[in-house]
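Just below is one structure, and these are the notes that go with it.
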Amino acid sequence: MLVRKPLRPSKIAYTQPALPDSHSSHCDPADRLWHPEGRVILATFESFDLLATYSPNNGTDAPAFVRRAAWDAAMKQDLSKKSRPLVWVGDINCAAEDVDVTHPEWMMQQCYQGDPEDMRGQPGFTLGERRRFRELLEVGRLLDSHRLLHPSSPSGPPPPSGPHFTWRGHPPVHQPVARYHGKGMRIDYSLISEELRPRLAASDILGHGSERHGFMGSDHSPIRLHLRSPLGTHGT
């Protein structure tokens, strides 16, 4: 997290309160104030808190499912206690609706296909993850800033203009076939508290296309959120 000096946060935390007790992988035995994999930064600014996370991938086996479910449960617990406006940004590793992936039926046939049924499919697009993501939005009173400004039916297709996906599979490199080449998911978000909606000016995906133009060498695209200043102040 890079912050301009005049905007120095009044407080910074490196985990969420409920995470250390949720699962051993989310607890650093040397210091419970840090997430052991550096997945959390929470900065307190004058008019909102800024939470940046790299949410764990759901994986394709029972231990990974438990780890991700523990993360979601802890985040839900902490969101339910938030008293200040929140901006939550980062790789949340969940495509919420069919419209948020390029090939929804194909994605549901990938990877794990056993029980429980709600863990079947591409990690980030299983029914269980999508249900828990909706629960996080509800309990945290959070809005998907991109979808607010780029509305679409949850069952698709994507809006006719603009980039739609923040993750894209790599083209074949040193191998004849790349299974995810040309496919995409929107798994990176700028979520905002409902009370910040009047300040929402823009929410953009900066990379586009199956060739990952603007992805800057990563399989994830940069995203950008623009909030107006609170009423009665200057700047943005």
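Positions are given from 1 along the sequence.
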Query raised in the report: Going through the distances and angles, do Leu42 and Asp49 end up as a side-chain contact (heavy atoms from CB on, under 4.5 Å)?
Result: CA-CA 7 Å; Leu42 177 64; Asp49 291 341; 4.0 Å; yes

Query raised in the report: Rest of the hydrophobic cluster containing Leu206 (Ile/Leu/Val/Met/Phe/Trp/Tyr, side-chain heavy atoms under 4.5 Å)?
Result: none

Query raised in the report: Can you list the steps and then say if Asp21 with Arg32 is a salt bridge (Lys or Arg N to Asp or Glu O under 4.0 Å)?
Result: CA-CA 9 Å; Asp21 294 322; Arg32 288 172 57 87; 3.0 Å; yes

Query raised in the report: Counting only heavy atoms not in Arg131, do more than 12 sit closer than 6.0 Å to its CZ atom?
Result: yes

Report summary line: One should read off an interatomic distance between Thr53 OG1 and Arg39 CZ, to the nearest 0.5 angstrom, of 9.0 Å

**Report entry** Hphob cluster co-occupancy, Leu225 + Leu149, side-chain heavy atoms under 4.5 angstrom
**Finding:** yes

Query - From CA spacing to verdict: side-chain contact (heavy atoms from CB on, under 4.5 Å), Lys82, Leu142 - result: CA-CA 11 Å; Lys82 290 292 291 182; Leu142 295 170; over 6 Å; no

Requested in this report: Report the distance from atom CE of Met75 to atom CG of Leu19, rounding to the nearest 0.5 Å.
Outcome: 6.5 Å

Requested in this report: Classify the angle between the aromatic ring planes of His26 and His35 as parallel (below 30°), tilted (30 to 60°) or perpendicular (above 60°).
Outcome: tilted

Query raised in the report: If you group Ile, Leu, Val, Met, Phe, Trp and Tyr by side-chain heavy-atom gaps below 4.5 Å, do Tyr180 and Val101 land in one group?
Result: yes

Query raised in the report: From Arg197 CZ over to Leu143 CG, what is the distance, rounded to the nearest 0.5 angstrom?
Result: 6.0 Å

**Report entry** side chain to side chain donor-acceptor pair (under 3.5 Å) against Ser24, all qualifying residues, sequence neighbours excluded
**Finding:** none

Donor-acceptor list for residues 104-111 side chains, cut-off 3.5 Å, not counting sequence neighbours:
from, atom 1, to, atom 2, distance (Å)
Gln110, OE1, Arg179, NH1, 3.0
Gln110, NE2, Trp106, O, 3.0

Query raised in the report: Are Leu86 and Tyr14 linked, directly or through other ILVMFWY residues, by side chains that come within less than 4.5 angstrom of each other?
Result: no

**Report entry** 4.5 Å side-chain heavy-atom contact, His226 and Asp204
**Finding:** no

Query raised in the report: Between Arg120 and Asp115, is any pair of side-chain heavy atoms under 4.5 Å apart?
Result: yes

**Report entry** Glu138 atom CD, over 12 foreign heavy atoms within 6.0 Å
**Finding:** no

Requested in this report: State, to 0.1 Å, how close Cys27 and Pro20 come at their nearest heavy-atom pair, and which atoms those are.
Outcome: CB-O, 3.2 Å

Query raised in the report: Do Ile12 and Val40 share a hydrophobic cluster, counting only Ile, Leu, Val, Met, Phe, Trp and Tyr and linking them when any side-chain heavy atoms are less than 4.5 Å apart?
Result: no

Query raised in the report: Would you find more than 12 non-hydrogen atoms of other residues, nucleotides or ligands less than 6.0 Å from Glu37 atom CD?
Result: yes

Query - Side-chain heavy-atom pair Leu227, Phe48 within 4.5 angstrom cut-off - result: yes

Query raised in the report: Does the Ser80 side chain pair with the main chain of Gln77, one donor and one acceptor, at a distance under 3.5 Å?
Result: yes

Query raised in the report: Just wondering, do Glu129 and Asn57 contact through their side chains at under 4.5 Å, heavy atoms?
Result: no

Tell me which donor-acceptor pairs under 3.5 Å the side chains of residues 207-214 have, and how far apart each pair is, sequence neighbours excluded?
from, atom 1, to, atom 2, distance (Å)
Arg212, NH1, Ser218, O, 3.0
Arg212, NH2, His170, ND1, 3.3

Query raised in the report: Looking only at heavy atoms, what is the nearest atom pair of Met1 and Ala52, with distance?
Result: CE-CB, 4.0 Å

Query - Apart from Tyr112 itself, residues in the same hydrophobic cluster as defined by side-chain heavy atoms under 4.5 Å - result: Phe65, Met119

Query raised in the report: Ignoring hydrogens and geometry, is there a side-chain-to-backbone donor-acceptor pair from Asp78 to Ala18 under 3.5 Å?
Result: yes

Query raised in the report: Looking only at heavy atoms, what is the nearest atom pair of Met185 and Phe125, with distance?
Result: CE-CB, 4.1 Å

Report task. Check side-chain contact (heavy atoms from CB on, under 4.5 Å) between Asp91 and all other residues, then give those that pass, not counting sequence neighbours. Result -> Tyr54, Asn93, Ile187, Asp188, His220

Report task. Answer yes or no: is there a side-chain heavy-atom contact under 4.5 Å between Gln16 and Leu51? Result -> yes

Requested in this report: Determine the minimum heavy-atom distance between Gly182 and Thr102, stating which atoms define it.
Outcome: O-OG1, 4.4 Å

**Report entry** Pairwise side chain to side chain donor-acceptor pair (under 3.5 Å) hits with a residue in residues 143-159, at least two apart
**Finding:** Asp100-Arg147, Asp144-Arg186, Ser145-Ser203, Ser153-Ser155

Requested in this report: Starting at CZ of Arg141, measure out to CG of Leu196 and round the result to the nearest 0.5 Å.
Outcome: 10.0 Å

Query raised in the report: Hey, any chance Val3 and Ile41 share a hydrophobic cluster, counting ILVMFWY side chains that come within less than 4.5 Å of each other, even indirectly?
Result: yes

Query raised in the report: Between the side chains of Thr44 and Arg84, does any donor sit under 3.5 Å from an acceptor?
Result: no

Query raised in the report: Is Asp72 paired with Arg68 through a side-chain N to carboxylate O contact shorter than 4.0 Å?
Result: yes

Query - Stepwise side-chain contact (heavy atoms from CB on, under 4.5 Å) check, Val99 with His164 - result: CA-CA 9 Å; Val99 71; His164 312 301; over 6 Å; no

Query raised in the report: Tell me, which pairs form a ring pair (Phe, Tyr, Trp, His ring centres under 6.0 Å) where one or both residues lie in residues 73-100, sequence neighbours left out?
Result: none

Report task. Calculate, to the nearest 0.5 Å, the distance between atoms CZ and OG belonging to Arg199 and Ser47 respectively. Result -> 4.0 Å

Query - With Ala178 via side-chain contact (heavy atoms from CB on, under 4.5 Å) - residues at least two apart - result: Pro172, Gln175, His181

**Report entry** side-chain contact (heavy atoms from CB on, under 4.5 Å) between Glu97 and Arg134, worked out
**Finding:** CA-CA 10 Å; Glu97 306 289 349; Arg134 290 191 293 269; 4.3 Å; yes

Report task. To the nearest 0.5 Å, tell me how far Leu7 CG sits from Leu50 CG. Result -> 11.0 Å

Query raised in the report: Who else is in the cluster with Ile223 when I, L, V, M, F, W and Y are joined by side-chain contacts under 4.5 Å?
Result: Ile205

**Report entry** Non-neighbouring partners of Ser25 that pass side-chain contact (heavy atoms from CB on, under 4.5 Å), sequence neighbours left out
**Finding:** His23, Arg67

Query raised in the report: How would you list, by chain and number, every residue that makes a side-chain contact (heavy atoms from CB on, under 4.5 Å) with Phe133, sequence neighbours excluded?
Result: Ile92, Cys94, Ala96, Leu137, Tyr189, Leu191

